[in-house]
Amino acid sequence: MSPLARLSQEVRQYLIVTGNYWAFTLTDGALRMLVVLHFHDLGYSPLEIALLFLFYEFFGVVTNLVGGWLGAHIGLNRTMNIGLLMQVVALTMLLVPATWLTVPWVMAAQALSGIAKDLNKMSAKSAIKLLVPKESMGTLYRWVALLTGSKNALKGAGFFLGGALLALLGFRTTVASMAAGLTVVWLLSLLALRGELGAAKQKPKFTQIFSRSGPINYLSAARLCLFGARDVWLVVALPVYLSAALSWDHWQVGSFLALWIIGYGVVQSLAPLLTSRQRNRVPDGQTAFAWGLPLIAIPALIALAITLDWQANTVLVAGLMLFGMLFAINSSLHSYLIVSYAREDGVSLDVGFYYMANAMGRLLGTVLSGWLFQISGLAACLWVSALLIAAATITSLRLPKHIPRPKEA
């Protein structure tokens, strides 16, 4: 009997879900770095590069709303497998001749990739709620932190992979290799994932995609601001700044951001140890507020150093590392809170609504990243980041201090 066969069914499903999420995330991170660096080389402006991701983020908003409803109807295994297949198609779209890689074509491919990413994420995060006993909230926190942290570590590896392979193999060969590898993962997933996972007993109406829960709505608003604050300087402004202003090569930009994301993911995985002062104590709204406060200062201090030209490059690198650590803890806290707030039956509806807000934050941050950087530079992006983090932190005050158990729909 194989080691996997000896594990409980819940643990086996968790490992399969996590493995799918890992494989998808590796290609997603690599694709992001490939597109930013490749099209910067082709002469695209920062705003034009940001617009390449516009549909990626916009359709993430739509997908999380509709995907949560879809997962409650057909099961999370099917929504996860649909996401994997759509990412293969999105990668294949970028294998056309170079003359076809116009802005509308790449935006369409990114739109498909955005739909795929959020179907995959919503399915993975929702599935964990169903694989952990109701009374084991500490275990739920650790499993969510492990999934989220390991995913981001692999996204960082994808950044490195994208930057390195672009320099070594070129754009087309790298994209073709990723499409082939993900096809294998998709075929294995079709055979291994449990069919009924996540399908609601009472099929929700389409009008129920919007949350009526106060805690989920406030948490979603905080999430929107938090991820807008990250992407307003990380998505376009920072890679282009490192490449153009500091004259870093592709592999240097990719490696630096990869190490940042990997460290970010490691801290996310360790969040239960860092945020729980008492054994078996799980986070609440007060915890989210307390960890949000110190994060506000980081982008503001970096922006001040750049504005005053005081050791700007050193402060940028050191500040980015500190920002990553604190942001990782805040992100992990939010990820746990949404899973804990979500209903048992039709969990994907609540998780989908929350990640819709997450996608709206990324969309806002992506567009602002290109626009603000083009008209005012990196410092402006950082000031806006600080304001958005402050908004997320203040919103966290409205979260319950003790997690309620939502009523079943």
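Position 1 is the first residue of the sequence, and the numbers go up from there.
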Exercise for the section: Any chance you could lay out the side-chain contact (heavy atoms from CB on, under 4.5 Å) test for Asn120 and Asp28, step after step, and finish with the verdict? Expected result: CA-CA 11 Å; Asn120 199 268; Asp28 190 56; over 6 Å; no
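- From Thr174, atom OG1 reaches atom CG of Leu169 across 4.5 Å, with rounding to the nearest 0.5 Å.
- Counting only distance, with no hydrogens or angles, the side chain of Ser113 and the backbone of Ala109 share no donor-acceptor pair below 3.5 Å.
- Taking CG of Leu85 as the start and CE of Met80 as the end, the distance is 14.0 Å to the nearest 0.5 Å.
- In this structure the side chain of His334 reaches within 4.5 angstrom of the side chain of Tyr354, judged on heavy atoms.
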Problem - Check against side-chain contact (heavy atoms from CB on, under 4.5 Å), Asn20 and Leu84 - result: CA-CA 8 Å; Asn20 284 349; Leu84 288 169; 4.0 Å; yes
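- The shortest distance between side-chain heavy atoms of Leu31 and Leu94 falls below 4.5 Å.
- Side chains of Ile302 and Leu378 form no contact here, defined as non-hydrogen atoms less than 4.5 Å apart.
- In this structure, the side chains of Leu226 and Leu295 come closer than 4.5 Å at one or more pairs of heavy atoms.
- Residue Trp233 is tested with Phe373, Trp383, Phe327, Phe323 for a ring pair (Phe, Tyr, Trp, His ring centres under 6.0 Å); the sole match is Phe323.
- Between Trp260 and Tyr264, the ring center distance clears the sub-6.0 Å criterion.
- Summarising the geometry, atom CE belonging to Met86 is positioned 12.0 Å from atom CG belonging to Leu91; distances are rounded to the nearest 0.5 Å.
- Counting heavy atoms from C-beta outward, Ser369 and Asp231 have side chains that stay 4.5 Å or more apart.
- Side-chain contact between Ser220 and Ile216 is present, with at least one heavy-atom pair separated by less than 4.5 Å.
- Residue Thr92 holds its OG1 atom at 10.5 Å from CE of Met178, rounded to the nearest 0.5 Å.
- Looking at Ser396, its side chain never comes within 3.5 Å of a backbone N or O of Phe289 through a donor-acceptor pair.
- Formation of a donor-acceptor pair under 3.5 Å by the Thr395 side chain with backbone atoms of Ala391 is found in this model.
- Between Cys381 and Leu372 the shortest heavy-atom distance is SG-CB, 3.7 Å.
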Exercise for the section: Please test Ser385 against Ile389 for side-chain contact (heavy atoms from CB on, under 4.5 Å), starting from the C-alpha separation and ending with a verdict. Expected result: CA-CA 6 Å; Ser385 176; Ile389 295 168; 3.9 Å; yes
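- Between Ala390 and Ile296, the shortest heavy-atom distance links the atoms CA-CD1, 3.7 Å.
- Taking 4.5 Å as the limit, every side-chain heavy atom of Arg230 sits out of range of all side-chain heavy atoms of Leu388.
- Side-chain contact between Arg223 and Leu219 is absent, with no heavy-atom pair separated by less than 4.5 Å.
- In terms of heavy atoms, Thr79 sits closest to Leu119 at O-CB, 3.7 Å.
- Between Phe24 and Gln87, the shortest heavy-atom contact is CE1-CB, 3.3 Å.
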Practice task
Start with the C-alpha gap between Leu363 and Thr366, add the side-chain angles, then the distance that decides, and say whether side-chain contact (heavy atoms from CB on, under 4.5 Å) holds.
Solution key: CA-CA 5 Å; Leu363 174 60; Thr366 297; 5.7 Å; no
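- Rounded to the nearest 0.5 Å, atoms CG (Leu190) and CZ (Arg78) are 10.5 Å apart.
- The two residues Val232 and Ala237 come nearest to each other via the heavy atoms O-CB, 4.3 Å.
- Taking OH of Tyr21 as the start and CG of Leu26 as the end, the distance is 13.5 Å to the nearest 0.5 Å.
- No more than 12 heavy atoms of other residues, nucleotides or ligands sit less than 6.0 Å from atom CE of Met360.
- Within 6.0 Å of CE on Met325 lie no more than 12 heavy atoms contributed by other residues, nucleotides or ligands.
- Exactly one of Leu387, Leu382, Val384 qualifies for a side chain to side chain contact (heavy atoms under 4.5 Å, CB included) with Pro299. That residue is Leu382.
- The shortest non-hydrogen separation linking Ala379 to Ile306 is CB-CG2, 4.1 Å.
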